[in-house]
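Worksheet: the structure to be examined is printed underneath.
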Amino acid sequence: MKPRYLSLKERTAFRRLEDVVGCKWSAAVVAAIARGVTRPGQLERFIPGISTKVLNERLRKLLDYGLITRTEKPGRIPEVHYHLTSTGQKLSAILDQLRELDEEHARQMQEGRLGPDRPAQPGG
């Protein structure tokens with residue numbers, strides 16, 4: 001028999017996950033880093049509309065959650081790079097699947113194959 005509610009453990013996990021990736025900017029930052037954009041200035045230019053403040057906040061949150069790592073190359077001007085951890089790579093793959101699902105769904109809506117009076121057809 002299926003439980004009739006989400007357990008406290010499940011609700012806590014969902015809230016924690018939502019806190020990290022529920023922000024529209026977090027998904028964009030993860031996707032950009034997955035594509036090889038690793039420096040803060042590059043990330044800011046790669047993600048239209050994100051402010052420096054929000055980018056730094058998201059980077060801190062992703063670091064704290066263990067989805068990215070930060071490396072600093074010493075020099076006259078230190079060079080900072082961010083990379084996905086193995087968990088971050090898994091999240092990136094899931095985000096890609098969600099993006100593909102959204103694109104497929106939008107295409108079906110546009111073609112009139114889905115709508116309030118048309119249920120999804122099996123297999124496509």
Side-chain angles (χ1 to χ4, degrees):
M1 180 174 166
K2 286 186 187 179
R4 295 181 0 192
Y5 59 89
L6 288 174
S7 69
L8 177 60
K9 183 178 177 183
E10 289 173 308
R11 290 191 315 262
T12 302
F14 282 128
R15 277 193 216 113
R16 190 173 50 242
L17 183 63
E18 182 182 28
D19 183 44
V20 177
V21 296
C23 169
K24 67 179 180 179
W25 299 115
S26 290
V29 171
V30 168
I33 294 172
R35 293 178 184 176
V37 182
T38 63
R39 301 203 51 213
Q42 292 173 326
L43 287 164
E44 203 170 335
R45 288 187 296 278
F46 191 81
I47 304 168
I50 195 167
S51 69
T52 303
K53 178 184 174 190
V54 170
L55 175 61
N56 289 332
E57 173 191 296
R58 291 291 96 194
L59 289 169
R60 272 192 304 280
K61 193 66 94 166
L62 295 168
L63 277 165
D64 290 345
Y65 203 66
L67 296 173
I68 62 173
T69 59
R70 180 184 191 273
T71 57
E72 190 173 316
K73 292 182 181 177
R76 195 171 66 98
I77 300 173
E79 205 174 287
V80 175
H81 292 268
Y82 293 94
H83 299 280
L84 295 177
T85 63
S86 61
T87 303
Q89 290 170 354
K90 290 176 186 176
L91 175 62
S92 175
I94 292 167
L95 292 172
D96 282 343
Q97 290 176 338
L98 288 171
R99 181 188 46 76
E100 290 168 9
L101 176 66
D102 176 64
E103 289 172 358
E104 177 184 327
H105 180 74
R107 201 170 34 255
Q108 290 176 348
M109 290 290 288
Q110 189 175 23
E111 293 168 358
R113 295 189 328 194
L114 290 179
D117 57 347
R118 292 191 171 122
Q121 298 298 314

Could you tell me which residues satisfy side chain to side chain contact (heavy atoms under 4.5 Å, CB included) with Lys73, sequence neighbours excluded, listed by chain and number? Glu79, His81
Can you give the donor-acceptor pairs under 3.5 Å from side chains of residues 18-33 to other protein atoms, not counting sequence neighbours?
residue : atom : partner : partner atom : Å
Asp19   : OD2  : Lys61   : NZ           : 2.9
Ser26   : OG   : Val20   : O            : 2.6
Ser26   : OG   : Arg58   : NH1          : 2.8

Roughly how far, to the nearest 0.5 Å, is the CG atom of Leu84 from the OG1 atom of Thr69? 8.0 Å
State which residues pass side chain to side chain contact (heavy atoms under 4.5 Å, CB included) with Ser86; sequence neighbours excluded, sorted by chain then number. none
Salt bridge (charged side-chain N to carboxylate O under 4.0 Å, His left out) filter on Arg99, not counting sequence neighbours, yields Asp96, Glu103
CD (Gln110) with more than 12 external heavy atoms under 6.0 Å: no
Sequence neighbours excluded, which residues qualify as side chain to side chain donor-acceptor pair (under 3.5 Å) partners of Gln89? none
For Ser7, which residues count as a side chain to side chain donor-acceptor pair (under 3.5 Å) partner, sequence neighbours excluded? Glu10
What is the distance from atom CG of Leu63 to atom CG of Leu59, rounded to the nearest 0.5 Å? 6.5 Å
What residue pairs, at least two apart or across chains, pass salt bridge (charged side-chain N to carboxylate O under 4.0 Å, His left out) with a residue in residues 31-41? none
Tell me every residue that passes side chain to side chain contact (heavy atoms under 4.5 Å, CB included) with Ile77, counting only those two or more places apart in sequence or in another chain. none
Can you list the steps and then say if Gln97 with Leu101 is a side-chain contact (heavy atoms from CB on, under 4.5 Å)? CA-CA 6 Å; Gln97 290 176 338; Leu101 176 66; over 6 Å; no
Donor-acceptor pair, side chain of Ser92 and main chain of Gly88, under 3.5 angstrom: no
Joining Ile, Leu, Val, Met, Phe, Trp and Tyr whenever any side-chain heavy atoms lie under 4.5 Å apart, the cluster holding Leu6 also takes in Phe14
Rounded to the nearest 0.5 Å, what separates atom OG1 in Thr85 from atom OH in Tyr65? 11.0 Å
Partner residues of Glu100 under the side chain to side chain contact (heavy atoms under 4.5 Å, CB included) criterion, sequence neighbours left out: none
For Tyr82, the option from Leu62, Leu67, Ile68 that meets side chain to side chain contact (heavy atoms under 4.5 Å, CB included): Ile68
Hey, could you give me each pair passing side chain to side chain donor-acceptor pair (under 3.5 Å) that has a residue in residues 44-54? Not counting sequence neighbours. Glu44-Thr52
